[in-house]
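All figures in this text were calculated on a predicted structure; none of them were measured in a lab. In the text below, chain A, chain B and the rest are named by the order of the sequence lines, each starting its count at 1. As a basis for the values below, the full set of heavy atoms in this structure was taken, side chains included, without hydrogen atoms, waters or symmetry mates.
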Number of protein chains: 2
Amino acid sequence: MSTAILEQLQQHLPHLSRSERKVAEIILEDPQHCIRASIATLAKQAEVSEPTVNRFCRSLGCSGFPDFKLQLAQSLVKGTPFVSRDVEMGDNCSQYCQKIFQASINSLTDAMQSLDHQAISNCVEHLHRARSISFFGLGASGPVAMDALHKFFRLNIPVQAWTDVMNQRMAAAAAQPNDVHLFISNTGRTTALVEAAEISKNSGATVITITHADTPLAQQAHHLIDVSCSEDTEIYTPMVSRLVHLTILDTLATGVLLAKGPSFQSHLKRLKSSLAGTRLEASEVLAKKH
Amino acid sequence: MSTAILEQLQQHLPHLSRSERKVAEIILEDPQHCIRASIATLAKQAEVSEPTVNRFCRSLGCSGFPDFKLQLAQSLVKGTPFVSRDVEMGDNCSQYCQKIFQASINSLTDAMQSLDHQAISNCVEHLHRARSISFFGLGASGPVAMDALHKFFRLNIPVQAWTDVMNQRMAAAAAQPNDVHLFISNTGRTTALVEAAEISKNSGATVITITHADTPLAQQAHHLIDVSCSEDTEIYTPMVSRLVHLTILDTLATGVLLAKGPSFQSHLKRLKSSLAGTRLEASEVLAKKH
DNA sequence: CTTTTTTTTGTAATTTTATTACAGCTAAAC
DNA sequence: GTTTAGCTGTAATAAAATTACAAAAAAAAG
């Protein structure tokens with residue numbers, strides 16, 4: 001999360017080991033300085049060794065010290081226009097409207113900045129070359145899978161979407177080489193979905209997951225698209241993660257579309273025109289009135 | 001100023017020497033990538049030597065390459081580095097990722113600012129008092145209706161979602177007083193959906209629509225939530241409007257939740273705990289490995 | 001058109017920075 | 001008191017950035 005590295009740090013402070021806490025304290029003391037300091041300088045100030053600082057960064061989910069500095073630097077930029085807080089009992093309509101939209105916007109912004117373009121690119125390549133594509137999602141991710149079905153269907157690839165446990169297991173077992181199975185989950189811990197992914201992998205499918213890194217589902221993946229947005233799922237059902245998943249799928253679909261090249265656009269035009277008869281034009285609406 | 005490193009770069013482009021211009025062009029092409037790249041990578045991409053990149057950074061007033069990356073990273077945080085344009089053939093992965101996310105963010109921002117809070121508030125009131133709620137969507141709005149089902153189900157109200165034409169007509173005809181029928185459509189012109197809405201109205205249901213104003217569907221509504229986001233549906237299937245619809249439904253669900261008052265939260269806790277057995281905890285994952 | 005001067009660029013060496021591998025230490029569990 | 005797991009630091013290695021210097025290109029002068 002770009003918005004809250006420091007807060008996150010503050011919270012985790014008590015759970016850190018002695019040396020790592022020293023590092024955290026130095027960073028909290030003067031974050032502006034840290035983003036320009038080398039790992040050696042920081043280690044000296046915190047009176048720990050350099051690898052300790054490095055491990056500290058890793059434990060925060062960064063790839064290393066430079067990555068940590070980068071994220072810290074970005075989080076220190078002032079000027080998040082609205083402070084978005086959780087919805088509270090007693091909020092009026094305008095308040096909760098704004099809070100929910102702002103939370104969605106923030107999560108997309110964060111996702112955009114942390115998105116691994118290489119991973120997207122790899123997945124696009126596999127989807128493009130796939131014999132067929134299947135989407136898997138349960139609960140709130142079920143509709144996301146259905147949406148992906150709808151979108152990829154237009155790309156003239158055999159696509160399917162499975163949103164219940166039994167069908168998922170069967171579809172997973174039926175995979176053939178060059179099939180791509182894409183699993184969508186907010187938690188990454190839904191047992192049934194993890195098992196289905198395992199079956200898919202054993203059946204020879206290329207397994208892509210859109211979920212949190214460091215989860216059982218992520219471990220099953222040949223290709224992981226990491227979505228690490230934090231949200232309160234205690235009371236509210238996942239809201240923002242779903243939007244991020246959908247947008248990532250938009251991105252993948254677009255990537256495949258671009259990979260297919262310009263000649264493909266005529267196919268889309270044909271699809272489009274097939275829908276023409278289902279729409280009411282302004283003239284028809286008027287005619288109906290009389 | 002720090003806000004405009006990229007613009008500054010764009011302006012200085014003609015005044016730079018041949019090699020330095022190559023560097024600048026690579027950076028402008030994909031700034032997100034540059035902030036994570038090493039000087040060697042960048043030099044290779046620009047087909048110049050490493051010291052050239054370094055000198056380039058110095059000429060921009062930075063103390064060196066790392067300093068430049070830092071400033072670039074910070075300038076990329078706020079706002080849009082480029083005005084978001086449509087995806088084009090030939091865009092690389094980073095480019096279309098950014099364009100798609102930015103388009104989504106922009107549409108949510110627009111929707112947040114133009115949202116009619118009074119309309120939301122009225123709809124929340126009706127949904128709160130409803131005997132039952134049905135969601136109707138076709139095509140890309142089908143998954144949106146399913147998502148709404150999933151979300152409102154947690155509110156302990158009888159809910160249904162209909163995503164095919166025949167079932168929609170039957171459900172519309174079966175409406176009873178105090179039922180709320182909510183129709184979701186991007187175009188607002190899908191004949192089948194407009195007809196279903198008409199049937200619902202004649203059956204005595206309260207009809208809410210989430211769609212464009214000034215469309216046939218909007219005319220059927222007792223209560224209209226106007227979503228007037230413009231997007232190119234010629235080639236791409238609706239992307240951003242769908243996100244706005246979902247977020248509006250989040251808002252409505254939240255409104256109903258708040259209207260139900262604090263006593264309701266125990267119900268949600270019960271739902272939550274019913275899912276506990278379906279999740280893998282970290283400890284279980286480890287256990288499975290042995 | 002040549003020569004000189006200035007600017008630009010690249011090569012190679014050096015320094016700085018970050019990461020890895022491994023060993024020692026510490027604290028908790030047995 | 002021994003064993004174990006988890007921290008932590010040292011030293012080696014790898015990667016990255018910078019510097020010094022020389023070659024090449026462009027511009028200016030003759």
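The closest side-chain donor-acceptor pair between A/Gln118 and A/Asn122 falls under 3.5 angstrom. The closest side-chain donor-acceptor pair between B/Ser38 and B/Thr41 falls under 3.5 angstrom.
Using a 4.5 Å heavy-atom cutoff, the side chains of A/Thr254 and B/Asp91 are not in contact.
The shortest distance between the side-chain N/O atoms of A/Ser17 and the OP1/OP2 oxygens of D/dT8 is below 4.0 Å. In terms of phosphate contacts, B/Thr52 brings a side-chain nitrogen or oxygen within less than 4.0 Å of OP1 or OP2 of C/dG10.
To the nearest 0.5 Å, atom CZ of residue A/Arg169 and atom CG of residue A/Leu193 are 11.0 Å apart. To the nearest 0.5 angstrom, B/Leu42 atom CG is 9.0 Å from B/Lys69 atom NZ.
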task: Can you check each nucleotide of nucleotides 15-24 of chain C against protein heavy atoms at under 4.0 Å and return B for base, S for sugar-phosphate only, - for none, in 5' to 3' order?
output: --SBSB----
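Contacts classified as salt bridge (charged side-chain N to carboxylate O under 4.0 Å, His left out) and involving residues 37-57 of chain A (residues at least two apart or in different chains) are not found.
The distance from atom CZ of B/Phe68 to atom C1' of D/dA16 is 17 Å, rounded to the nearest whole Å. Taking atom CZ of B/Phe56 as the reference point, atom P of C/dT8 lies 14 Å away to the nearest angstrom.
The C1' atoms of five pairs define one axis at each end of the helix from C/dC1-D/dG30 to C/dC30-D/dG1, and these two axes lie 10° apart (to 10°).
Contacts of B/Asp67 classified as side chain to side chain donor-acceptor pair (under 3.5 Å), with partners at least two apart in sequence or in another chain: A/Arg36. Residues passing the ring pair (Phe, Tyr, Trp, His ring centres under 6.0 Å) test with A/His223 are A/His126, sequence neighbours excluded.
For DNA chain C, no neighbouring residue in residues 18-26 of chain A is found when judged by any heavy atom under 4.0 Å.
Between the A/Ser203 side chain and the A/Ala205 main chain, no donor and acceptor come within less than 3.5 Å of each other. Judged purely by atom type and a 3.5 angstrom limit, A/Thr211 uses its side chain to pair as donor or acceptor with the backbone of A/Ser185.
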